[in-house]
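One structure below.
Sequence positions, counted from 1, serve as the residue numbers for this chain.
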Amino acid sequence: MASIKAIRGMYDILPEQTPLWQYFETQVKQVFAQYGYQEIRMPMVERTELFCRSIGEATDVVEKEMYTFTDRNDESITLRPEGTASCVRAAEEHGLTYNQVQRLWYHGPMFRYERPQKGRQRQFHQFGAEVYGLDGPDVDAELIIMTARLWQRLGISDVVTLQLNTLGSSAERAAYRADLVIFLNQHIDNLDADSQRRVATNPLRVLDSKDPKTQALLDSAPDFYNYLGDDSLQHFERLKSLLDGAGVAYEVNPRLVRGLDYYCKTVFEWVTDRLGAQGTVCGGGRYDGLIEQLGGRPTQGVGWAMGVERLILLLQEMQLVPAELSQRVDVYMVHVGDAAATASMLLAEQLREQMPAVRVLWHCGGGSFKNQMKKADKSGAKVAIIIGEDELSAGQVQIKPLRGQGQAQTVSTVAANGAVQALIQ
């Protein structure tokens, strides 16, 4: 009988990989804590209409990529393809947006049915941050500056670039869209196939086409900035001023539109050229009309999401994985004889109690002293604590360094903690 394997595009994160994931997650969570953001956890399954109404029926996500099912109550449900709509739904449902300012973050798997490739799987993971109840460019700047601080912590500031744009108000976008459609229809035969399809469904996405011929044609398209009113222009100029003051470099990209329908005013992406085609590692923007669109009171919103897989790939590509992440054990407990095994187990518990940060692996499964020492060395532990019959009768343990310099030493059992601490620091 053939063995059962993971579903295509759904993958396992193995024990040798999880320390890097834990390291990355810790760095992100610490940055959120520095800025006073609070965690929210949403279900992975939502009603399909949530994403159709928020993301947009004509987007690639809704048209082609959602995992949608009919449950036993004949209701259409969907594995969440992104986190913003779920977070908005949760915040509105529980009264978190009414006359309040909320700074929230979330983390977890998302699902999109697309061709799996490096850094882009059908189950992928995101961190997201969302702010409700603030309409000024100051919080837009804070969200961007927060990501810049994370890049500094991770050591990748030099290989990511911030691209920035404004999409104005819904009325400004509607006026521009009408003229853009006229222009695109005049040149429909010169557009790539995807752009031809989008002219009728989601024309702003044509601006984001990667086809060189289409991009060249767009040089003569109407200029969106000519459609922006004073409020949108002032918002954008103030945002740029705040980023300048914080020392966050950016490139204004007038063709940056993002892929979801709910964005307005500020949009941004952090991109890198070190991961091939999958160059966007974080993106977001403002979505002031989304909460009302989903049935809530008019409330301003802004946020971003970052792809965990791509950022971990970037850390590996740049060789920025901390060496200590490969260290999973500090102390390996070796013992010979049943009585020594019991004493060794109790000492391991004592070490864990008195030095919670020290990782102690107690040998299980028996075996000769020589075999246990081989396993101790293979474990990567810094020291081995050895208890045999002689040590047991004398109330002592032998502490043997396994890495670097140092000689084996025999100390009393009560002094083991201090000796171990000195050797593993």
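Of the options Tyr287, Tyr37, Trp105, a side-chain hydrogen bond (donor to acceptor under 3.5 Å, both in side chains) to Glu130 is made by Tyr287 and by none of the others. Remark: of the listed residues Gln234, Lys240, His235, Lys240 is the sole one forming a side-chain hydrogen bond (donor to acceptor under 3.5 Å, both in side chains) with Glu237.
Using a 4.5 Å heavy-atom cutoff, the side chains of Gln350 and Leu346 are not in contact.
We find that Arg205 and Asp194 are not joined by a salt bridge, their nearest charged nitrogen and carboxylate oxygen being 4.0 Å or further apart. Ionic pairing of Glu46 and Arg89 is present here: one or more N-O contacts between side-chain nitrogen and carboxylate oxygen are shorter than 4.0 angstrom. Salt-bridge annotation for Glu317 and Arg310: absent, with no side-chain N of the basic residue lying under 4.0 Å from a carboxylate O of the acidic one. Under the 4.0 Å criterion applied to side-chain N and carboxylate O atoms, Arg198 and Asp192 are not assigned as salt-bridge partners.
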- Task: Determine, step by step, whether Asn165 and Tyr225 satisfy the side-chain hydrogen bond (donor to acceptor under 3.5 Å, both in side chains) criterion, reporting the C-alpha distance in whole Å, the side-chain angles of both residues, the deciding distance to 0.1 Å, and the verdict.
- Result: CA-CA 10 Å; Asn165 194 23; Tyr225 285 16; 2.7 Å; yes

- Output, in order, the C-alpha distance, side-chain angles, deciding distance and verdict of side-chain hydrogen bond (donor to acceptor under 3.5 Å, both in side chains) for Arg103 and Tyr132. CA-CA 7 Å; Arg103 286 175 164 90; Tyr132 305 128; over 6 Å; no

- Item | side-chain hydrogen bond (donor to acceptor under 3.5 Å, both in side chains) between Thr78 and Thr68, worked out | CA-CA 4 Å; Thr78 295; Thr68 297; 2.9 Å; yes

- Let me see the working for His363 and Tyr332 under side chain to side chain contact (heavy atoms under 4.5 Å, CB included), right down to the final yes or no. CA-CA 7 Å; His363 179 81; Tyr332 195 98; 2.7 Å; yes

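Nearest heavy-atom pair, Thr201 versus Arg197, reported as atom, atom and distance to 0.1 Å: OG1-O, 3.4 Å. Taking each heavy atom of Pro401 and Val383 in turn, the nearest pair found is CA-CG1, 4.1 Å.
Scored by the salt bridge (charged side-chain N to carboxylate O under 4.0 Å, His left out) test, Arg122 finds no partners at all (sequence neighbours excluded).
Ring centers of Trp21 and Phe127: at least 6.0 Å apart, outside the cut-off. Trp151 has its ring centre less than 6.0 Å from the ring centre of Trp270.
In this structure, Glu172 contributes its side chain and Ser169 its backbone to a donor-acceptor pair below 3.5 Å.
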